[in-house]
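Working notes, beginning with the structure itself.
Bear in mind the structure is a predicted one, so any value in this text is a computation, not a measurement. Sequence lines set the chain letters: A, B, ... in the order given, protein chains first and strands last, and positions in each chain run from 1.
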Protein chains: 2
Amino acid sequence: MTTRARRPQRRNQVLSREQIIEAAVELLDAGGEGALTVRALVERLSTGSGAISYHVGKRDDLLDAATETVVTAALETKPGGVPATPADEIRTVALALFDAIADHPWLATRLTRQIVRNPVGPVTVGIFERIGRQVGALGVPRARWFDAASTLVHYILGAVGQNARIEGDPSGLDTEADREAFFDAASAAWEELAAEDYPFMHAIVGQMKDHDDREQFLTGIAVVLDGLTHLR
Amino acid sequence: MTTRARRPQRRNQVLSREQIIEAAVELLDAGGEGALTVRALVERLSTGSGAISYHVGKRDDLLDAATETVVTAALETKPGGVPATPADEIRTVALALFDAIADHPWLATRLTRQIVRNPVGPVTVGIFERIGRQVGALGVPRARWFDAASTLVHYILGAVGQNARIEGDPSGLDTEADREAFFDAASAAWEELAAEDYPFMHAIVGQMKDHDDREQFLTGIAVVLDGLTHLR
DNA sequence: ACCTGAACACCGTTCAAGT
DNA sequence: ACCTGAACACCGTTCAAGT
């Protein structure tokens, strides 16, 4: 390693925007949105609070940046060079978002928020462009492309948001066991509802117990895709 | 007024849970989730912070209670005695939620959260029961009722969440003019995207400018309903 | 240009004390 | 049973000062 550097006039930049975002994502994954505090960040990066605001601005901006980083990475995952069908491509994007939220439950709230408030950002544009390109090939007439893409995106966001499990539970293990216990408790409670007032809930309590979120999500996508082919 | 009361052993209860929730909704409507602070509540109700926690528990519980109150009220609006078709009934529920979120933008985030975390509460059960009852009449086979109802609810939540405009903007008037300015800015930015990289965004920028959220929402519902009739 | 960290103005929750 | 309000342990942001 060469130790002779010419006039290091400015201090070694030891902290970067990327580093802060990375640490933020780790905190968010571990403890949900409440766990992302400036002080936790300061300790983890052993720096001062001013340095953080210098690099990423306000906490809210950091949350946006973290969202953007994670979503962009999720959308880039596209290894297979197979030129998929339009439906396949839509499913790929949808599942990428589904999985991203499964890995980062705090994303659910933030993703919705970002799309609403920042229609110009790479998150909104990325998702719409990627999905929207397919709707023409699906047989949707040009005048309805915006409606079609919006319907798909809205469905995906809604479904994906509902599959963000017990976010920010600091009590650790929200594993498969937890998940099952949660569903068991829910279906038990549904069974106790008055049957005459809640006939539907009683009818589906069995289906609810052994459904698979991911499969159900794909079913929903298929339903929307099917409906879109009839959009004139 | 009779002034002679027999031993009012306990003080007049001057503060009620309902009053607190009502004040909370007003604060939320006026300034978004950030405006609901214990101190703001304390001042508005001229009481102490302890009284609030006594009646409604923690801030988070109050947010849940406010959500429940508003959603329940929205779902109860059912004046016409006309026994609508299944599709009509679904549209009624969907629009009730749409309008509730238009009036109370803070609901968007909270509604999702409540449905995820409290599948037993009146919000989740109310929405599912009301919508789910219709899917049988739609021609969905019984074994698919849960999938069908979930698809509808997920679409509705996703769409409705996206139509919660600039929530919690304390700068007042988020009126029609603001809304238009917002869309104009967005479409201007979309037009500036590189046409070769974002062909879809360019194709729809005109549609985006003069679309109507509510109509688009109904289109989406129609798409999903259509898809559901083919679900086997 | 980059970083420090004290200071500030908030925040929600708790709890001993009063009625 | 209901309410008060001080005390506490947090929080994000700012900013003069250092390098």
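To the nearest angstrom, P of D:dC3 lies 11 Å from CG of B:L45. Atom pair B:R39:CZ and D:dA7:P shows a separation of 13 Å (rounding to whole Å applied). Here D:dG12 presents its C1' atom at 12 Å from CG of A:L41, a figure rounded to the nearest Å. Rounded to a whole Å, the CD1 atom of A:I52 is 18 Å from the P atom of D:dC15. A:I20 has its CD1 atom 14 Å from the C1' atom of C:dT4, to the nearest Å. Rounded to an integer number of Å, the gap from CG of A:L27 to P of D:dG12 is 11 Å. Atom CD of B:E43 and atom P of C:dC11 are 11 Å apart (whole Å). Regarding A:L15, its CG atom lies at a distance of 17 Å from the P atom of C:dA1, rounded to whole Å.
In this structure, B:Y54 reaches the D:dC2 phosphate: one of its side-chain N or O atoms is under 4.0 Å from OP1 or OP2. Considering only side-chain N and O atoms, A:H55 lies under 4.0 angstrom from the phosphate OP1 or OP2 of C:dC3.
Electrostatic pairing of A:E129 and A:R133 counts as a salt bridge here, judged by a charged N lying under 4.0 Å from a carboxylate O.
B:L157 places none of its side-chain heavy atoms less than 4.5 Å from the side chain of A:L157. Side-chain atoms of B:V116 and A:N163, non-hydrogen and from C-beta on, never get closer than 4.5 Å to each other.
Between the side chain of B:S49 and the base of C:dT14 there is at least one donor-acceptor pair of N/O atoms closer than 3.5 Å. A donor and an acceptor atom never sit less than 3.5 Å apart when one is taken from the side chain of A:T47 and the other from the base of C:dT4.
More than 12 heavy atoms of other shown residues, nucleotides or ligands fall within 6.0 angstrom of atom CZ in A:F98. Atom CZ of A:F200 is surrounded by more than 12 heavy atoms from other residues, nucleotides or ligands within 6.0 Å.
B:S53 comes within 4.0 angstrom of a base, heavy atoms only.
The CD1 atom of A:I115 sits 4.0 Å away from the CD1 atom of A:I127 when rounded to the nearest 0.5 Å.
Nearest-nucleotide positions on DNA chain D place A:V38 closer to the 5' end than the other of A:A51 and A:V38.
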* To do: Please lay out, stage by stage, how B:D60 and B:R113 fare under the test salt bridge (charged side-chain N to carboxylate O under 4.0 Å, His left out).
  => CA-CA 11 Å; B:D60 206 57; B:R113 189 190 158 97; 3.1 Å; yes

* To do: Go ahead and write out DNA chain D as dot-bracket, 5' to 3': ( ) for pairs within the strand, [ ] for ones crossing earlier pairs, | when the partner sits on another strand, dots for unpaired; Watson-Crick or G-U wobble, both distances under 3.5 Å.
  => ||.|||||...|||||.||

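Ring geometry, A:F128 versus B:W190: the interplanar angle falls from 30° to 60°, so the pair is classed tilted. Between A:Y155 and B:H154, the angle of the ring planes lies from 30° to 60°, which puts this pair in the tilted group.
Within residues 57-66 of chain A, the residues having any heavy atom under 4.0 Å from DNA chain D are, by residue number, A:K58, A:R59.
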